[in-house]
Structure formats: C-alpha cells, structure tokens
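First comes the structure, then the notes that go with it.
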Amino acid sequence: MRTLLIHNAHTIATMDDASRELRNASIFVRGNRIEFIGETKDLPAQALAADETIDARQHLVTAGLVNTHHHMYQSLTRAIPAVQNAELFGWLRGLYPLWAGLNPEMVQVSTQVAMAELLMSGCTTSSDHLYIYPNGVRLDDTIAAAEEIGMRFVASRGSMSVGQSQGGLPPDSVVEDESAILKDTQRLIERYHDAKFGSMLNVAVAPCSPFSVSRDLMRESALLARQFGVRMHTHLAENDHDLAYSQEKFNCTPTQYAQDLGWLGHDVWHAHCVKLDAEGIRLFAATRTGVAHCPCSNMRLASGIAPIRKMLDAGVPVGLGVDGSASNDAAHMVNEARQALLLARVGRAMQPPEERNGRTFFGCDLGPAEMTARDALRIATRGGASVLGRSDIGHLAVGMCADLALFDLSTLGFAGGAVHDPIGSLLLCASPMAAYTVVNGQVVVREGQLATLELGPLIERHNTLALQLAQAN
C-alpha cells in the first residue's frame, strides 16, 4: 500500500474525543487510513521511508472539512443580475427558467468546478442535492464528475413533482412524474450506493422541498430510503415564506409536516432550518435529526439567522453547507465556517439581554461567546460527518480515513495571528485556501494547486457553458 507522511506539523487540530491539539506532530498514512498520529519524536522509524512526505513545519492540519448541502449545477448561474437582490421564492422563480436549459455536460462541468472550489478550501467530503433533470440530465453525471476529481461524495437524488398548476412553486416544465422519480432513485441506490467503511460514494433520497413535491412522494421516498438503508435529505423551514406555505397548504408547521411524513430520525438531515421553533428543536434533538446550516446563503437570500446555539445545546446534530453556488455565491468551506461563527455572534447580540446565556453588564455581554472558533471548526468537520452518518471521517485518529487539510501559517492572512492561536486564526482571519488537501490518502490539492484535473481548461469550458445557458432563455 502507498504511504504518506505529514511530517512535523506546526499544529494538528484532531477534533477527536479529547479535542487534542498537537504541536510539532506528524501523521503517517498507509493506504487510506491513519496509522500514526502524535508528536514527531514518537514517529515510528518506518514512517520516514514513506512514499511521499509533506513538510508541514509551517502548517496547521485539520480533518478534511465536510459540506452537507450544495446544489453544484448552480455554479453556472452565479451572480445573475436579475436575482441578485431577491429573496428565496423570487430567486427561485427567476432561475427555474434558466435551469430548464441544463444538459448533461453542463451538470458534469459545473459539478467539477464546485468540487474544485471545495477541495481547494480544504473540503474533502461533499453532498450535492440535484433536483432538476431536464434534457437527459441524470445524477450519474455528478457521480462521474466526483470520481474523476477525487472527492468523497454523497449524491442526493433530488426531485420536484408539484408544478405551478398544482399549487407548487416550480413551473410545470421542470417537474417529474413521481413513479419515474422513485424508479430512478432505486436504480441509483442499487447501482452506486456503497455503505462500507471508507466509502467514496453514498446515495441519498432527497425530494426537494414542501413547495415542490407532494406529501405522497415524501412518504414513499422515506419508505424507499429505509428499505435500502440510505439517508434522507430535503429543505425545511428556510424562511418566513416557507413557514407560510406549510401553514396554508398543510395547516401545520414544517416540523409537524416532517414528523407526519416520517421525515424525522437519525437517518435524516434537513437543510437550513432557519425558522425551526422550540418544538422543532426538541423533536430534532429527540430523534437525532440533522441540520445542514448554510449561513452565507441564509444571509444572501435574507432568510434569517438559524438558532444554531440552541440546536447544539439541545443535542441536534449540526453540520455546515455552502448551499448552491448561485445563492452564496461561493463554495469556500473555511469561509462558510467563519460566517457561521460571526453570524452566531450577531444573532446573540440581537437577543434581549435576559435571553442570552452569559452574564451582562448594562446590556453588554460578559459571558461566553455564542460560538467559538473551535465550535465552528468542529461543526465544519465532525459535525458534518455526524449529519451525513459517517463515523469514518470528520476527526483525526488512528484507524480513521485519511481525509486532511493543511493550511500554510506563513502566508499573509495568518501574519500576527498564527503566532498566538493557529486554530483561532483559521476561523477569524481572512479565509485561506488549503495548501494541501488529502482525500482517502490521496493528495488532490498540492501546494495550492488542484492535482487531479487541469483547472484552466475546466474554468474556460464552464464559463462558455454558463453564457450558453443564460443566453438560451
């Protein structure tokens, strides 16, 4: 088996059960698993003869970051002027007609652009929620893209079945027949889903949202997922319009809607949950239902501030998601974690003093921060792994999959910060790109450059397709 040595790192943030932070430490990888992690002085002699050695003396090493929610095809419609200032429903109505022109090449190329951006920001595992399938597009297109670029992948078979004529949000031209959706979902699970330790590919069942699929499809999707033992994903309680839709159409809250349809449980994760109320938080915690927190998208679309501290304190599994590249408009996981940290603190400042967890003096906080840098990093790594049901990634320990991100502490953005606290600086200073990203023991970003694909031609083709898509409407 091929071996890899991360040698003499400045700092390793393990995110293990003891939250160890190691200095002058090394990691030895054999195949796709970590065989040694600890102080360099204790490194086995055989590790020095590794097939590849990365000199990590000026680097912070973290577990690979985990992205729990994305719509990668949306990289093609970033910063579209007509929807730059829209909230969720107006934003969707403006973009559905453009997305109706997607084809298989567009989906594959945009997926690789999104994955390249994630990998280069230290993200090693990502889910993708593809819910629109025009012109021969298949989820297989994203799966092929992930295999080529080298990303650990959760391919979510999304769907929309309720168009405008039936009271839904999307136009009728982009919805699918429900029996065809279920048939294709089963095909994908049977062909691609790999539940083994260290799997590079999982398939999830993911009807899009309460305003684009029927209650019957939600129920049948849950039954199908549990029959095959795969995870379930959808959007829930994203903004006030989402709440109003559930109340008007179903006469219940989004959480009650999910509970009624079998969409709470340890095998389920919901995106956003900005408007999750106290009852919802309690039910999510009791059932171990996960949340994909998407702070940049929630700010971009003016959806609000998700009550993440309350969720974490209650025991809700929480991970991070960059969401679609047209609602963020980026896929930089370190920056997403930074925004989660900052937005949580803004949310705390907006609460009345009597509702804050810490002590106050004349209305000013004296107690602990709503979220710390280490909280944010944990959500971005171990939290995301938990949300995706993965016990083999998300922290660094012997026997774990070798998914790692290395950040160069000698660069400008860390100046004056890393000397005090490398981990704090990662989240508080300007969000850096990764110097190295390792997925399943393979170096996929080396010295800041993507190692698996030639990026220049990929970006050029992506831009051509983006213009083609926009001009076709």
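These numbers come from the heavy atoms of this one structure, side chains and all, not from hydrogens, waters or symmetry mates. Just so we're clear, the structure is a prediction, and the values are computed from it rather than from any experiment.
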Looking at [X] and [Y], would you say the former's side chain and the latter's main chain have a donor-acceptor pair under 3.5 Å?
X: R446; Y: A451; result: no
X: R138; Y: P104; result: no
X: T77; Y: A326; result: no
X: S325; Y: A330; result: no
X: W269; Y: T68; result: yes
X: H462; Y: V113; result: no
X: R30; Y: E35; result: no
X: R345; Y: E370; result: no
X: H332; Y: N335; result: yes
X: T452; Y: I149; result: yes

Pairwise distance NZ(K41) to OG(S26) - rounded to 0.5 angstrom =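 If we round to the nearest 0.5 Å, K41:NZ and S26:OG are 11.5 Å apart.
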inquiry  = Please determine whether a side-chain nitrogen of the Lys or Arg among R219 and D260 lies less than 4.0 Å from a carboxylate oxygen of the Asp or Glu.
reply    = yes
task = State whether R152 and D403 are salt-bridged, where the test is any N-O pair (Lys NZ or Arg NE/NH1/NH2 against Asp/Glu carboxylate O) under 4.0 Å.
result = yes
Side-chain donor-acceptor pair present, [X], [Y], cut-off under 3.5 Å:
X: H235; Y: H233; result: no
X: N298; Y: S303; result: no
X: E336; Y: N328; result: yes
X: T287; Y: T289; result: yes
X: R390; Y: S199; result: no
X: H70; Y: D128; result: no

At their closest point, which heavy atom of [X] faces which heavy atom of [Y], and how far apart are they?
X: S75; Y: A114; value: OG-CB, 3.7 Å
X: D242; Y: E238; value: OD2-N, 2.9 Å
X: C208; Y: M160; value: CB-CG, 3.8 Å
X: L343; Y: P295; value: CD2-CB, 4.0 Å

ask   = So which pairs with a foot in residues 187-201 pass salt bridge (Lys or Arg N to Asp or Glu O under 4.0 Å), sequence neighbours left out?
value = D140-R187, D140-R191, D184-R187, D194-K196
task = Establish, yes or no, whether the cationic atom of R157 lies under 6.0 Å from the six-membered ring centre of Y192 and within 45° of the ring axis.
result = no
query = Do other residues, nucleotides or ligands put more than 12 heavy atoms under 6.0 Å from E147 CD?
reply =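 It does not: E147 CD has 12 such atoms or fewer within range.
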request  = Please say whether more than 12 non-hydrogen atoms of neighbouring residues, nucleotides or ligands are located less than 6.0 Å from CD in Q227.
outcome  =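 For Q227, atom CD is crowded (more than 12 foreign heavy atoms under 6.0 Å).
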message = Checking side chain to side chain donor-acceptor pair (under 3.5 Å) between D323 and each of H129, H69, H293, R300, which is the one that passes?
response =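 Output: one option passes, namely H69.
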remark   = Tested for side chain to side chain contact (heavy atoms under 4.5 Å, CB included) against L396, the lone hit among D16, L22, I27, I6 is I27
inquiry  = Are I54 and V443 packed together at the side-chain level, in the sense that at least one heavy-atom pair is separated by less than 4.5 angstrom?
reply    = yes
For S212, side chain to side chain donor-acceptor pair (under 3.5 Å) partners two or more places apart = S209
